[in-house]
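First the structure, in the form of structure tokens, and then the observations on it.
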Amino acid sequence: MGFAEQRFNVNLSILFTELPLLERPAAAAAAGFTAVELWWPWVDSPTPEQSELDALKKAIEDAGVQLTGLNFYAGQLPGPDRGALSVPGEESERFRANIDVAAGFAASLGCKALNALYGNRVEGTDPAEQDALALENLVLAARAADRIGAILLVEALNRPESPLYPLVSAPAAIEVVDKVNAATGLGNAKFLMDLYHLSMNGEDLPSVIEQYTAKTGHVQIADNPGRGAPGTGSLPLEQLLDQLKKAGYDGWVGLEYKPGASPSAEAFGWLPVAARAAR
């Protein structure tokens with residue numbers, strides 16, 4: 001099969017960041033892509049002004065690209081934070097304030113996947129207390145996602161780069177997915193399988209694919225080492241994506257890699273132009 005058989009979208013929070021936010025959708029379209037995803041773009045505000053939301057919506061629509069994935073508010077990302085929903089106090093409240101805003105924005109663009117980053121452990125706070133808060137907030141997020149016909153994604157990150165993040169293995173993230181689905185009865189919580197993060201954790205990627213494809217709602221890729229484009233490291237990404245497809249995964253594959261020293265538009269040489277538009 002190979003890369004040409006996949007449905008790719010471009011993460012505009014890590015690629016094309018040399019451009020202002022509102023210019024990135026058009027840049028992705030100019031590079032031949034028809035689908036994009038985003039981390040929550042307003043890192044300082046879970047509830048930005050409606051004019052800011054409208055401006056981004058217009059930029060996406062004018063570019064002719066589909067928004068296929070959006071993160072809920074996650075604190076300073078990129079930066080020291082890895083989510084807000086398990087962090088007691090103000091950050092948890094900011095996450096809750098963001099739920100309907102993010103879901104409403106996603107719905108306005110037909111986006112069907114919302115990613116909720118778990119958040120770092122807080123020194124001096126009982127991990128069990130954080131986990132209980134996380135489940136409460138994930139249940140709220142799952143219900144909001146369900147109201148717009150979307151799935152809720154739970155992502156495992158990697159321990160070397162996110163040492164305070166508790167979900168640093170596929171089984172850890174799957175356990176949370178199962179708890180959310182048990183609590184809501186909705187079945188719309190899914191695993192975000194980021195092959196870069198899992199490889200950084202030293203996980204057996206073919207085994208992860210074999211075990212968890214059925215519970216996977218989205219896939220993201222970057223090569224390792226370096227978090228660059230496919231072919232810049234040693235991960236057999238083409239074969240791994242083929243295995244995912246054979247295992248029944250037919251969803252989006254998010255390009256969440258660093259472009260390197262060159263402009264982002266030059267970071268897609270591994271993928272023929274004809275294979276960039278979603279099918």
Side-chain angles (χ1 to χ4, degrees), residues 11 13-14 17 38-48 69-102 114-145 152-184 189-203 208 212 218 220 222 224-227 256 258:
N11 189 301
S13 298
I14 193 168
T17 57
L38 282 163
W39 303 342
W40 185 247
W42 299 278
V43 296
D44 294 318
S45 177
T47 55
L70 177 68
N71 283 20
F72 287 105
Y73 169 79
Q76 297 294 317
L77 184 75
D81 299 330
R82 296 292 186 271
L85 63 90
S86 69
V87 180
E90 184 180 354
E91 279 300 271
S92 172
E93 292 170 7
R94 286 160 74 87
F95 177 83
R96 291 191 184 196
N98 175 249
I99 290 174
D100 286 340
V101 177
L114 290 161
N115 183 26
L117 284 172
Y118 201 81
N120 289 329
R121 290 302 193 206
V122 178
E123 186 176 359
T125 301
D126 183 353
E129 178 187 335
Q130 284 196 253
D131 291 339
L133 177 62
L135 184 57
E136 288 180 22
N137 283 335
L138 285 166
V139 164
L140 294 173
R143 289 174 176 156
L152 173 73
L153 296 169
V154 176
E155 182 175 8
L157 301 182
N158 74 78
R159 189 180 300 277
E161 294 173 328
S162 303
L164 299 178
Y165 191 83
L167 308 184
V168 287
S169 72
I174 291 290
E175 182 180 359
V176 172
V177 166
D178 289 344
K179 286 180 178 178
V180 175
N181 285 331
T184 65
K190 301 286 184 181
F191 177 42
L192 196 168
M193 185 187 292
D194 186 308
L195 297 179
Y196 167 74
H197 287 309
L198 300 179
S199 71
M200 285 284 287
N201 288 327
E203 295 187 66
V208 167
Y212 301 127
H218 186 47
Q220 290 175 332
N224 187 24
R227 200 173 184 175
E256 197 188 46
K258 298 176 182 178

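Just so it is clear, the values below take in all heavy atoms, side chains as well, and ignore hydrogens, waters and symmetry mates. Residue numbers count from 1 along this sequence.
The shortest side-chain heavy-atom distance between Pro46 and Phe72 does not fall under the 4.5 Å cut-off. Side-chain contact between Met200 and Arg159 is absent, with no heavy-atom pair separated by less than 4.5 Å. Here the side chains of Val180 and Val176 are in contact, with some heavy-atom distance below 4.5 Å. Counting heavy atoms from C-beta outward, Leu117 and Leu157 have side chains that approach closer than 4.5 Å. At least one side-chain heavy atom of Ile14 sits under 4.5 Å from a side-chain heavy atom of Lys258. Annotation: side chain of Glu203 is in contact with side chain of Pro171 (closest heavy-atom distance under 4.5 Å).
Ala134 approaches Ser86 most closely through the heavy-atom pair CB-CB, 3.8 Å. The two residues Arg96 and Leu133 have their closest heavy-atom pair at NH2-CD1, 3.9 Å. Between Pro48 and Val101, the shortest heavy-atom distance links the atoms CD-CG1, 4.4 Å. In terms of heavy atoms, Glu91 sits closest to Gly75 at OE1-CA, 3.8 Å. Considering every non-hydrogen atom in both Thr47 and Ala97, the closest pair reads CG2-O, 3.6 Å. Closest heavy-atom contact between Ala144 and Ile99: CB-CG2, 3.4 Å.
Rounding to the nearest 0.5 angstrom, the gap separating the CG atom in Leu192 from the CG atom in Leu114 is 11.5 Å. The CG atom of Leu198 sits 10.5 Å away from the CD atom of Gln220 when rounded to the nearest 0.5 Å. How far CD of Glu129 is from CG of Asp131: 10.0 Å, rounded to the nearest 0.5 Å. For the atom pair CG of Leu164 and CD of Glu123, the computed distance is 9.0 Å after rounding to the nearest 0.5 Å. In this structure, CZ in Arg94 is found 11.5 Å from CH2 in Trp40, a value given to the nearest 0.5 Å.
Using modelled atom types, no side-chain atom of Asn224 and backbone atom of Tyr196 make a donor-acceptor pair closer than 3.5 Å. Put simply, the side chain of Arg82 never gets that close to the backbone of Arg121: no donor and acceptor are under 3.5 Å apart. At least one donor-acceptor pair closer than 3.5 Å links the side chain of Asn98 to the backbone N or O of Tyr73. Side-chain atoms of Gln130 come within 3.5 Å of backbone atoms of Asn120 as a donor-acceptor pair (strictly under, hydrogens ignored). Remark: side-chain polar atoms of Gln76 are not paired, donor with acceptor, to backbone N or O of Asp81 under 3.5 angstrom. The backbone N or O of Ala128 sits less than 3.5 Å from a side-chain atom of Asp126, completing a donor-acceptor pair.
There is a side-chain donor-acceptor pair under 3.5 Å between Asn71 and Asn115. For the residue pair Asn137/Tyr118, the side-chain donor-acceptor check at 3.5 Å is not satisfied.
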task: Apply side chain to side chain contact (heavy atoms under 4.5 Å, CB included) to Phe191 and Leu153, showing your working.
output: CA-CA 6 Å; Phe191 177 42; Leu153 296 169; over 6 Å; no
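Test Leu140, Asn181, Leu138, Thr184 against Leu152 for side chain to side chain contact (heavy atoms under 4.5 Å, CB included) and you get one pass: Leu138.
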